[in-house]
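Take a look at the structure below.
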2 protein chains.
Amino acid sequence: MARSLRPSPTRKIPKMNIGQASKASGVSAKMIRYYEQTGLIARADRTASGYRDYSEADVHVLRFIRRARDLGFSVTDIAELLGLWRDDTRQSVEVKRLAQGHIEELKHKITALQDMTQTLTSLVEACQGDHRPHCPIIERLETDDVDEDLSLEPRRGAVASGSPGAANPRRQAAKQN
Amino acid sequence: MARSLRPSPTRKIPKMNIGQASKASGVSAKMIRYYEQTGLIARADRTASGYRDYSEADVHVLRFIRRARDLGFSVTDIAELLGLWRDDTRQSVEVKRLAQGHIEELKHKITALQDMTQTLTSLVEACQGDHRPHCPIIERLETDDVDEDLSLEPRRGAVASGSPGAANPRRQAAKQN
DNA sequence: TTGCGGCTTCCAACGATGGGAAGGTCAATA
DNA sequence: TATTGACCTTCCCATCGTTGGAAGCCGCAA
């Protein structure tokens with residue numbers, strides 16, 4: 001209502017529905033709704049018929065989010081990044097700290113994956129890969145030598161592969177129930 | 001029942017409950033139950049009172065599984081590996097193929113993570129990290145230059161970061177609903 | 001006999017994403 | 001104008017591996 005005369009400041013703001021916002025931002029419609037639902041982004045305006053209605057500014061936010069996701073930031077991190085983005089009084093050191101933390105996480109993951117790759121590669125190289133059953137890969141998996149106790153202890157050789165928690169949130173020595 | 005006289009062949013098979021099997025194998029009790037439930041391992045024997053009862057052989061299987069998980073194999077892959085392990089007539093080429101496929105997956109992931117790390121590192125290096133708001137990291141996330149259209153197209157510089165599907169199952173250009 | 005710790009099952013959550021059903025809307029065309 | 005097809009809405013479910021917790025039974029030791 002009250003949008004008649006004069007090309008008011010709210011004149012030429014072309015809005016769009018979720019599909020167009022999705023195309024324009026590179027974020028799927030599903031994910032846009034999800035981000036709204038979880039509070040990462042504000043509830044969208046609605047048209048009279050209930051369709052979500054996005055402005056260029058909204059799309060700008062969505063693109064920000066997508067780029068952050070592309071860099072591997074978690075949604076939690078992104079919430080923080082958005083806050084910093086909007087905060088005129090932010091200190092760049094805060095952003096830097098966040099990014100550095102993320103880099104550390106990434107490096108842990110990389111190291112873990114590289115360890116796996118290295119082990120697997122040497123096993124694959126040792127495997128004849130023929131019609132016979134003998135296979136060093138299987139052997140490695142079934143053999144109980146060194147391994148044995150690794151349920152406790154800080155470990156022997158594995159560099160960061162087993163860095164507990166962060167990197168590879170898998171197996172951490174049977175805490176049971 | 002029928003376990004009296006003579007040190008029968010089934011004489012000294014010390015069995016254990018799930019907590020002990022967990023400690024012995026390095027697989028959490030929770031996960032042991034889960035593996036049983038999903039059919040990765042056979043249903044465990046039960047004591048008169050309903051406790052799961054594991055033999056050394058069972059623990060051997062659990063350790064096999066844990067080692068495979070440690071190498072990053074998916075549960076699906078592990079099911080296949082277990083099948084091959086048990087198959088006297090297996091051809092090592094099958095195991096090798098499985099492992100090689102897994103190595104490829106790992107490499108994709110590593111590449112994606114390395115790309116992220118590299119980008120982030122250069123941004124972090126460019127960031128003063130002081131009390132002032134100016135920050136190249138935020139700038140990079142909010143700026144709509146090159147990026148713009150990357151919703152389609154094979155991309156410009158990014159090496160394997162965006163290898164669709166496998167490596168980084170994230171964002172693939174807004175297919176919406 | 002009490003009590004603690006371990007076992008049982010069942011249900012839910014995580015994180016980010018996609019799939020799909022059932023029903024309403026929009027815009028173009030017959 | 002009526003129909004159609006593409007879009008939107010909400011709601012629920014699945015993924016994958018893992019953990020947490022509740023409610024209730026069991027085993028063993030003091």
Side-chain angles (χ1 to χ4, degrees), chain A residues 15-23 26-41 43-54 62 65-66 68-79 102 105 109 112 164-177, chain B residues 15-23 26-41 43-54 62 65-66 68-79 102 105 109 112 164-177:
Chain A
K15 292 218 172 180
M16 63 193 102
N17 65 29
I18 200 171
Q20 296 166 314
S22 168
K23 257 169 218 147
V27 179
S28 76
K30 280 276 189 195
M31 290 313 296
I32 296 176
R33 294 193 195 100
Y34 171 75
Y35 291 150
E36 175 181 326
Q37 190 200 308
T38 57
L40 181 66
I41 58 179
R43 263 170 306 187
D45 288 349
R46 298 289 182 135
T47 66
S49 61
Y51 281 21
R52 285 178 181 78
D53 202 20
Y54 297 93
L62 289 172
I65 292 172
R66 183 184 47 69
R69 293 293 295 133
D70 286 351
L71 288 176
F73 283 103
S74 69
V75 169
T76 308
D77 284 346
I78 295 177
H102 183 43
E105 277 180 40
K109 285 187 197 170
N168 187 354
R170 258 171 216 148
R171 77 158 251 60
Q172 59 245 66
K175 268 190 304 185
Q176 94 202 13
N177 232 347
Chain B
K15 291 219 173 182
M16 63 193 103
N17 65 29
I18 200 170
Q20 296 166 313
S22 168
K23 257 170 218 145
V27 178
S28 77
K30 282 275 191 197
M31 291 311 298
I32 296 176
R33 294 192 195 99
Y34 171 75
Y35 291 150
E36 176 180 326
Q37 189 200 309
T38 57
L40 182 66
I41 57 179
R43 264 170 305 188
D45 288 349
R46 299 287 183 137
T47 65
S49 61
Y51 281 23
R52 285 178 182 77
D53 202 20
Y54 296 93
L62 289 172
I65 293 172
R66 183 184 48 68
R69 293 292 296 135
D70 285 351
L71 287 176
F73 283 102
S74 69
V75 170
T76 308
D77 282 347
I78 295 176
H102 183 43
E105 277 180 41
K109 285 188 196 169
N168 187 354
R170 256 171 217 147
R171 79 159 247 57
Q172 57 248 64
K175 266 190 304 183
Q176 91 202 13
N177 232 349

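Every heavy atom of this structure was used, including side-chain atoms; hydrogens, water molecules and symmetry mates were not. Quick note on labels: first sequence line is chain A, next is B, and so on, each numbered from 1.
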task = Kindly calculate the angle separating the two end axes of the helix from C:dT1-D:dA30 to C:dA30-D:dT1, each obtained from five base pairs, and round it to 10 degrees.
result = 30°
ask   = What's the CD-P distance between B:Gln20 and D:dC28, to the nearest Å?
value = 11 Å
Between C:dT25 (P) and A:Met16 (CE): distance, integer Å = 23 Å
task = Compare the minimum distances between each of C:dG18, D:dT19, C:dG20 and the side chain of A:Met31, then state the nucleotide with the smallest one.
result = C:dG18
request  = May I have the distance from B:Asn17 (atom CG) to C:dG5 (atom C1'), rounded to whole angstrom?
outcome  = 11 Å
ask   = Under 4.0 Å: is that the gap between some side-chain N or O of B:Tyr34 and OP1 or OP2 of D:dC16?
value = no
ask   = Hey, mind stepping through B:Ser22 and B:Ile32 against side chain to side chain contact (heavy atoms under 4.5 Å, CB included) and telling me if it holds?
value = CA-CA 8 Å; B:Ser22 168; B:Ile32 296 176; 4.1 Å; yes
task = Check the distance between D:dT19's P and B:Arg69's CZ and give it to me in whole angstrom.
result = 10 Å
message = So for B:Lys30 and D:dG17, does any side-chain atom that can act as donor or acceptor lie under 3.5 Å from a complementary atom in the base?
response = no
query = CG of A:Leu40 versus P of C:dG15: gap in Å, rounded?
reply = 13 Å
message = Whole angstroms only, please: what is the CD-C1' distance between A:Glu36 and D:dT10?
response = 12 Å
ask   = Under 4.0 angstrom, heavy atoms only, what part of the nucleic acid is A:Thr47 near: base, sugar-phosphate, or nothing?
value = nothing
inquiry  = Taking B:Phe73's backbone N and O only, do any of them form a donor-acceptor pair with B:Arg69's side chain (distance below 3.5 Å, no angle check)?
reply    = yes
key: Any B:Arg46 side-chain N or O less than 4.0 Å from OP1/OP2 of C:dT9   = yes
remark   = The nucleotide from C:dT25, D:dG17, D:dC26 with an atom nearest the side chain of B:Tyr51 is D:dC26
message = Can you tell me how far apart OH (A:Tyr54) and CG (A:Leu62) are? Round to the nearest 0.5 Å.
response = 7.0 Å
ask   = When the distance from CD1 of B:Ile65 to C1' of D:dC16 is rounded to whole Å, what number comes out?
value = 16 Å
Residue B:Arg33, side-chain heavy atoms: nucleotide from C:dT9, C:dA16, C:dC26 that is nearest = C:dT9
task = Send over the distance from A:Ile32 CD1 to C:dT17 P, rounded to a whole Å.
result = 12 Å
message = From the set C:dC7, C:dG20, D:dC26, return the single nucleotide nearest to any side-chain atom of B:Ile18.
response = C:dC7
query = Side-chain N or O of B:Ser49 less than 4.0 angstrom from OP1 or OP2 on D:dG27?
reply = yes
request  = Check the pair A:Lys15 / A:Asp45 against side chain to side chain contact (heavy atoms under 4.5 Å, CB included), numbers first and verdict last.
outcome  = CA-CA 10 Å; A:Lys15 292 218 172 180; A:Asp45 288 349; 2.6 Å; yes
remark   = Interatomic distance, CG@A:Asp53 vs CG@A:Asn17, rounded to 0.5 Å, equals 8.0 Å
ask   = Step by step, would you call A:Glu36 with A:Arg52 a side chain to side chain contact (heavy atoms under 4.5 Å, CB included)?
value = CA-CA 11 Å; A:Glu36 175 181 326; A:Arg52 285 178 181 78; 3.0 Å; yes
query = Okay, side chain of A:His102, backbone of A:Leu71: is any donor-acceptor separation there less than 3.5 Å?
reply = yes
query = Is the distance from OP1 or OP2 of D:dT19 to the nearest side-chain N or O of B:Ser28 less than 4.0 Å?
reply = yes
ask   = Of the nucleotides C:dT17, C:dA16, D:dG21, which one has an atom closest to the side chain of A:Ser74?
value = C:dA16
query = Base, sugar-phosphate alone, or nothing: which one does A:Thr76 contact when heavy atoms must sit under 4.0 Å apart?
reply = nothing
message = Let's go through B:Tyr35 and B:Val75 carefully: what are the C-alpha distance in whole Å and the side-chain angles of both, what is the deciding distance for side chain to side chain contact (heavy atoms under 4.5 Å, CB included) to 0.1 Å, and is it a yes or a no?
response = CA-CA 9 Å; B:Tyr35 291 150; B:Val75 170; 4.2 Å; yes
